[in-house]
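Below is one structure, written out as structure tokens; comments come after it.
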Protein chains: 2
Amino acid sequence: MSTKIKIVLAEDEPNLAQIVKESLETRNFEVFLASNGEEAYKLYKNSNPEILVLDVMMPKKDGFTLAKEIREENKQIPIIFLTAKSQTKDVLEGFEHGGNDYLKKPFSIEELIVRIQSLLNRNSLKIDVNNIKIGNYLFNYTKQTLQLKEETATLTHRESELLYTLYQNKNEISDRSFILKKIWGDDDFFNARSMDVFITKLRKKLKLDENIQIVNVRGYGYKLIC
Amino acid sequence: MSTKIKIVLAEDEPNLAQIVKESLETRNFEVFLASNGEEAYKLYKNSNPEILVLDVMMPKKDGFTLAKEIREENKQIPIIFLTAKSQTKDVLEGFEHGGNDYLKKPFSIEELIVRIQSLLNRNSLKIDVNNIKIGNYLFNYTKQTLQLKEETATLTHRESELLYTLYQNKNEISDRSFILKKIWGDDDFFNARSMDVFITKLRKKLKLDENIQIVNVRGYGYKLIC
DNA sequence: TCTAAGGGTTAACAAGTGTTAACGTGTGTT
DNA sequence: AACACACGTTAACACTTGTTAACCCTTAGA
């Protein structure tokens, strides 16, 4: 069960691109290579990668713009920028555009790989599904429990899924349609009403901590504030 | 509610240490400064920091050894190494010892801060959207609340967006068309009238502080005076 | 097989939110 | 002063969401 980790690599300079691609493949990554931003976006959509490595200056769509677009739909995936620019200002800009790391050319392949590994590890550590802090509550996603001090309440499967989904986008809007497709499989009238019912149920179970709220954003979805 | 983020900084070169410490404090971090590895370990144990910034070459206990020790008891806390070494080999070693990032001297303070922010996964570079002072009111953009002393009123999503937009240009004109495109998506007759309705609603909710006004600039837009 | 319990969906109605309409007021121009 | 036009305000309306309860289905145990 050792499926390869998928990487989308966007780099317009062919020689460099080839070297990096091969080096990554040697390390048992599956590399999807794009030579411009638009192509990279398509590869991202189709291949469902674990991580993105983006050159900043590319034809058609630069790395920053691309990252911004991808961040709008995916806040989790790690992004590493590669660039010839070496000004601190550019590094700042990279992080502002949602990058997680920034490597200045010329860089060593080894360092790139280490930084990739680091981001992948961090990501997998990121949410401990058995120990999620939501305000004063402790939410255990696998056990489907919500603990406040000594009191432990159990959640149903739907409740647990919904809370987990909201948590993944905490303090930001979770799109109604996104939630519905993810948990109910389809966005239709009845599922939508059902979801609203579960929002009510969650609010009840979360109301012992006033700092936690599930706020509605009419027409868009819900925000878990914590 | 907005307690400072604690950082343990270990750096044996006093001048550099002082500069970094002050820069971080300017950014509202609480810095615990150690001049060697052993001291840093004690500070780590006592202050319960959110992140560690460790020089690699230090007296008594070097940064790598220290990181390794800390990693045995805490796998979560982010660690950034600072070093004069610039060989890739050292970068690798840094990550092997459980570091999350690695900065080569000389580095820019800005870059350090951005990398800290990135690891902490927060953007406190932005204005704190949970704590916006408007006159005597406290406006929480994510919670969509307006607080005056003990009274907390809730805003709807549109109200909150509008107030936030006006606030971003406080004391200057926010262009009608700009607001409409940003919040309503399009500048047409009906959306414009809708916006005017929301201006009325906001004025009502803000009238408890006489010093705050939303003034109209005929033909151009609105100004939030505060 | 019957029954009870739990979980999820559907139904029904209440409450909240945003848009549209209608009319009023102010401002600048001729 | 008369006029056109931008904005202010209120209310009606349509639509979305909140809440409760009834209902249905599955499962486990008597």
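Convention: sequence-line order gives letters A, B, ...; per-chain numbering from 1.
- The separation between A:E159 atom CD and C:dG6 atom C1' is 11 Å, rounded to whole Å.
- In this view, B:K6 and B:E30, B:F32, B:P49, B:E50 satisfy the side chain to side chain contact (heavy atoms under 4.5 Å, CB included) rule, not counting sequence neighbours.
- Between B:R158 and C:dT17, a side-chain N or O to OP1/OP2 separation shorter than 4.0 Å is absent.
- Every residue two or more places apart in sequence or in another chain that forms a side-chain hydrogen bond (donor to acceptor under 3.5 Å, both in side chains) with A:D209 is listed here: A:N136.
- Near DNA chain C, meaning a heavy atom under 4.0 Å from it, residues 186-194 of chain B has B:F190, B:R193, B:S194 in order of number.
- The separation between A:K205 atom NZ and D:dT19 atom C1' is 16 Å, rounded to whole Å.
- Under the salt bridge (Lys or Arg N to Asp or Glu O under 4.0 Å) criterion, A:E159 pairs with A:K205, not counting sequence neighbours.
- When the side-chain nitrogen and oxygen atoms of A:Y220 are compared with OP1 and OP2 of C:dT17, none of them lie within a distance under 4.0 Å.
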Checklist entry - Given A:F198 and A:E161, is the side chain to side chain contact (heavy atoms under 4.5 Å, CB included) satisfied, shown in steps? => result CA-CA 10 Å; A:F198 277 94; A:E161 288 292 330; over 6 Å; no
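- Under the salt bridge (Lys or Arg N to Asp or Glu O under 4.0 Å) criterion, B:E69 pairs with B:K61, sequence neighbours left out.
- Distances shorter than 4.0 Å separate some side-chain N or O of B:K204 from OP1 or OP2 on D:dT10.
- Here A:Y44 pairs with nothing under the ring-ring contact (aromatic ring centres under 6.0 Å, His included) rule; sequence neighbours left out.
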Identify all pairs in which a protein N or O lies below 3.5 Å from an N or O of nucleotides 11-15 of chain D, and state each distance.
residue : atom : partner : partner atom : Å
D:dC15  : O2   : A:R218  : NH2          : 3.1

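- Nearest-nucleotide positions on DNA chain D for A:I214 and B:R203 put B:R203 closer to the 5' end.
- Considering every non-hydrogen atom in both B:L138 and B:N131, the closest pair reads CD2-OD1, 3.3 Å.
- Distance CD1 (B:I199) to P (C:dT19): 14 Å, rounded to an integer number of Å.
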Under 3.5 Å, which donor-acceptor pairs do the side chains of residues 218-226 of chain B form with other protein atoms, sequence neighbours left out?
residue : atom : partner : partner atom : Å
B:Y222  : OH   : B:D196  : OD1          : 2.7

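- Among the atoms of the strands shown, only primed sugar atoms or phosphate atoms (P, OP1, OP2) are found under 4.0 Å from some heavy atom of B:T156.
- For A:D55, the salt bridge (Lys or Arg N to Asp or Glu O under 4.0 Å) partners at least two apart in sequence or on another chain are A:K105.
- Relative orientation of the A:F64 and A:F81 rings is perpendicular, given thresholds of 30° and 60° on the angle between their planes.
- Whole-Å rounding puts the A:H157 NE2 to C:dT9 C1' distance at 16 Å.
- Near DNA chain D, meaning a heavy atom under 4.0 Å from it, residues 173-184 of chain A has A:R176 in order of number.
- Every residue two or more places apart in sequence or in another chain was checked for a ring-ring contact (aromatic ring centres under 6.0 Å, His included) with B:H157, and none qualifies.
- Between the CE atom of B:M195 and the P atom of D:dC7 there is a distance of 8 Å, rounded to whole Å.
- For the pair B:L202 CG and C:dG18 P, the interatomic distance rounds to 11 Å; values are reported in whole Å.
- Take B:K45 and apply the salt bridge (Lys or Arg N to Asp or Glu O under 4.0 Å) test, not counting sequence neighbours, and it matches B:E73.
- For the pair B:K201 NZ and C:dG18 P, the interatomic distance rounds to 7 Å; values are reported in whole Å.
- Spacing between atom CG of B:D196 and atom C1' of C:dC23 amounts to 14 Å, rounded to whole angstrom units.
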